[in-house]
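For reference, the structure discussed in these notes is given below.
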Amino acid sequence: MTVKIERIGEIAIVTVDNPPVNALSQALRQDLLDAAETLDADLTVRAVVLSCAGRTFIAGADVTEFGKPPLPPHLPDVVARIETARKPWVAAMHGSALGGGLEVALGCRFRVASASAKLGLPEVRLGLVPGAGGTVRLPRLVGPANAAEMISSGTPVDAREALSRGLIDTLIDGDLEKGAIDFARAALKRPLPTPLIERAVPAIEEASWEMIAKTVAARAKGEDAPIRALACVRRAIDADFKTAMAFERETFLDLRGSAQAAALRHVFFAERAARRPPELAGVMPKRLDTAAVIGGGTMGAGIAAALRDAGLPVTLVERDEKGLARGLATLQTIFDGAAKRGRISPETASERVAGVVGTTDYGMLGNADLVIEAVFEDMAVKRAVFARLADACRPDAILATNTSYLDPEQIAAGVERPDRFLGLHFFSPAHVMKLLEIVPTAATAPEVLATGFELARRLNKVPVRAGICDGFIGNRLLKVTRTQAERLLLSGATPRAVDAAMRRFGLPMGPFEAQDLAGLDIAAFQRQAARARGETPFAPVAERLCTMQRLGQKTGGGWYDYASGDRTPRPSEIVSAIIAEAAAGWTQHPWGEAEIIDCIVLPMINEAARILEEGVAIRTEDIDLVEIHGYGFPRWRGGLMHYAEARGLQDVVNGVQKLTDRGLAEPPTTTLKQGRLEPRG
Ligand code: NAI
């Protein structure tokens, strides 16, 4: 049984106990339905409190039922049965009341919650709309504007916010179940509110609605579910309850079989799996109570902030007092900003800053369990740092490098006990970006690698294991993006057309806008290093821009021009002239949007296939996660590899071959031609 019934006087307590998260499995749906029947028939019961055992209220659907035909009883029927029960039900929520969980609560006559509860309808994140009346009942309870915002964004609200929106009737301090029973007793003394099915949706002015619709459309960027969710709320406003329910169900069923929902489900499962790689099953991570960061620049300060957000005390080491002051000031700015945006309280911000000890003395590192190096991208500087770390740290301390492109094997060469060394590649800004590439060397011990994954979990990041090559997984693919983008320019496309096409594909920014934002100098530095290794990186236009000190927004111009104090990219005549000059001898082509996208994305897939062949990535899903969490690849496309599979590998091969024939891409790789994307071995 997933449900237990007790009676305390005239109040019945229905306790859901379906670990780990009280998901709405078929058994639970049946048990809830049976409980409603039993309690309606029990004349001694006047009200019902619905609460949950364990760490959360009903947290949502049962993920093991995803993608399978649903078994009866269906959730809409369970919710309707509770809503029309003869006794009023009170949902007592703690933890997460999400998706179907909140829909069950909406079927109850009252809703109460602990202050720490989170409530929401996140179905759009899986490419769906709520399927059990959420879009029909929520607007009746909190008004159409609130409902539209919550359902189309999928973002949960905390209990206080829920109270202010009218989503819950009261907050319960202390024992939730007892508070809910007291609430139910008091409620029975007053006339009962009507169930939501009998209520009308509060009116909304057409102008406000249009504004909401515009915002949702702008945010969706090609994603269907938020727009369809909004249409459901609109139907709830315009039509009667039954019609709106039918429309919601129809939309839900339609989306459930959609390509976007499949892609989003794929990412959901990939993220879950990423945290627990099977090859590390049973390997215990090492203790992680104190951390240190070497270098307080852009990355070091961001990494220190991420470590503090996870509650770890941090020692920040800089090379001199000036560098230290700058690093600590950056940290202060990060936490002040978080407080200003209301993400944390001013007290928490002070406490996070206070948890960082800044020093120029490596002697302060004797206690650190983990040290992350983020100094200049220079082999000699990094090696000198690790030589000092080997002296200053405990022999069992984990030593990590945040290098972008250098070979961690070479950085670690000469480090005593190299089994404790690994690469931890963060993305900028490190306290925001979710991706963490974890790069073991041949010597890295399994428990050190497992500690990398444990760190990601503590930092709430998505870990991906990457092998050693120039740029690991992410930056290696980024190089292809940029090469292709320049090839497009030389063969007739403009920066603006390329950026617009990639935005249309679903990226938050095109490749040229992104370079202008980050600065062109970082890539120039990598190319210089590549040339030193005897390679011939392709970036004729970018090279020219760098020699002209057109390094992006920070210098007032890069691929675009910028007016002072304005980040709007404006097409640049200087850049057009450079492109025209560099394009001499290239065949010009009138590029359409879809062709531009193919010219960038298909060669990236080809490179990803090579990355798999080489074993640099050991799972196709890892490449998807790298692209989504490091580079803004649209989540609803499922990532680069999922996109390739969904599109059809033969189509990808044909596209790459066509580009190759025109001198615009490297030839398709063997495994891609064989129609399989599989990791080596
Ligand atoms: P940065 O130039 O902003 O910061 C480097 C800091 O290291 C400076 O504050 C410098 O004073 C300090 N430093 C230099 N030598 C030191 C020493 N011996 N001991 C202590 N501190 C020392 O550079 P950034 O951008 O933070 O990059 C750091 C590392 O992170 C590089 O390896 C870079 O490739 C990598 N990285 C950079 C990313 C980015 O987007 N900026 C992204 C991911 C990795």
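Each ligand, and each atom within it, is numbered from 1 in the order the structure gives. As the structure is a computational prediction, the values presented were derived from the model and not from experiment. Side chains are part of it too, since the values below use all heavy atoms of this structure and drop only hydrogens, waters and symmetry mates.
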Under 4.0 Å from a heavy atom of [X]: which atoms of ligand 1 are those, numbered in the order shown and with their elements?
X    : value
V317 : 20 (C), 21 (N)
Y362 : 17 (C), 18 (N), 19 (N), 20 (C)
H425 : 43 (C), 44 (C)
K382 : 31 (C), 32 (O)
I294 : 19 (N), 20 (C)
N402 : 30 (O), 35 (C), 36 (N), 44 (C)

To the nearest 0.1 Å, how far is [atom] from its closest protein heavy atom, and which atom is that?
atom                    : result
atom 21 (N) of ligand 1 : R319 N, 3.4 Å
atom 11 (O) of ligand 1 : E318 OE1, 2.7 Å
atom 29 (C) of ligand 1 : V375 O, 3.2 Å
atom 4 (O) of ligand 1  : G297 CA, 3.2 Å

Tell me the contacting part of [X] for ligand 1: side chain, backbone, both, or neither, using a 4.0 Å heavy-atom threshold, strictly below.
X    : value
F426 : backbone
F525 : neither
T401 : neither

>> Would D361 and T359 count as a side-chain hydrogen bond (donor to acceptor under 3.5 Å, both in side chains) here? Give the steps.
In response: CA-CA 5 Å; D361 177 9; T359 181; 5.0 Å; no

So, regarding [X] and ligand 1 (criterion: nitrogen or oxygen to nitrogen or oxygen, under 3.5 Å), is there a contact or not?
X    : answer
T298 : yes
S404 : yes
E377 : yes

Ignoring hydrogens and angles, tell me if any N or O in the side chain of [X] forms a donor-acceptor pair with the backbone of [Y] under 3.5 Å.
X    : Y    : result
R458 : L288 : yes
D561 : R570 : no
R417 : P395 : yes

| field | Proximal candidate to atom 26 (O) of ligand 1 [heavy atom criterion; set M299, E373, R326] | value |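 Result: the heavy atom closest to atom 26 (O) of ligand 1 is in M299.
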
Point to revise | Close approach, G295 and ligand 1, non-hydrogen under 4.0 angstrom | key: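 So G295 counts as touching ligand 1.
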
query = Measuring from the heavy atoms of A374, does anything fall under 4.0 Å of ligand 1?
reply =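 A374 counts as a contact of ligand 1 under the 4.0 Å cut-off.
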
Please determine whether a side-chain nitrogen of the Lys or Arg among E543 and R531 lies less than 4.0 Å from a carboxylate oxygen of the Asp or Glu.
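Looking at E543 and R531, the cut-off is met.
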
Check L640 against V601 and note the closest heavy-atom contact, atom names and distance.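 That closest heavy-atom pairing would be CD1-CG1, 3.9 Å.
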
Open item on the list: Closer than 4.0 Å and a protein heavy atom, does any atom meet both conditions relative to atom 40 (O) of ligand 1?
Closed with: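 Yes, because at least one protein heavy atom sits under 4.0 Å from atom 40 (O) of ligand 1.
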
Open item on the list: Strictly by ring-ring contact (aromatic ring centres under 6.0 Å, His included), give each pair with a member in residues 548-569 just once, sequence neighbours left out.
Closed with: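 Applying ring-ring contact (aromatic ring centres under 6.0 Å, His included) to every pair that reaches into residues 548-569, excluding sequence neighbours, yields F512-W559.
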
- [ ] Determine which pairs satisfy ring-ring contact (aromatic ring centres under 6.0 Å, His included) with at least one residue from residues 424-459, sequence neighbours left out, and list them in order.
- [x]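 Applying ring-ring contact (aromatic ring centres under 6.0 Å, His included) to every pair that reaches into residues 424-459, excluding sequence neighbours, yields H425-F427, H425-F472, F427-Y631.
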
For this session: Given ring pair (Phe, Tyr, Trp, His ring centres under 6.0 Å), test Y643 with F505 step by step and report yes or no.
Result: CA-CA 11 Å; Y643 172 75; F505 183 70; 5.3 Å; yes

side-chain hydrogen bond (donor to acceptor under 3.5 Å, both in side chains) between T671 and E613: does it pass, once the steps are laid out?
CA-CA 7 Å; T671 49; E613 281 174 16; 2.6 Å; yes

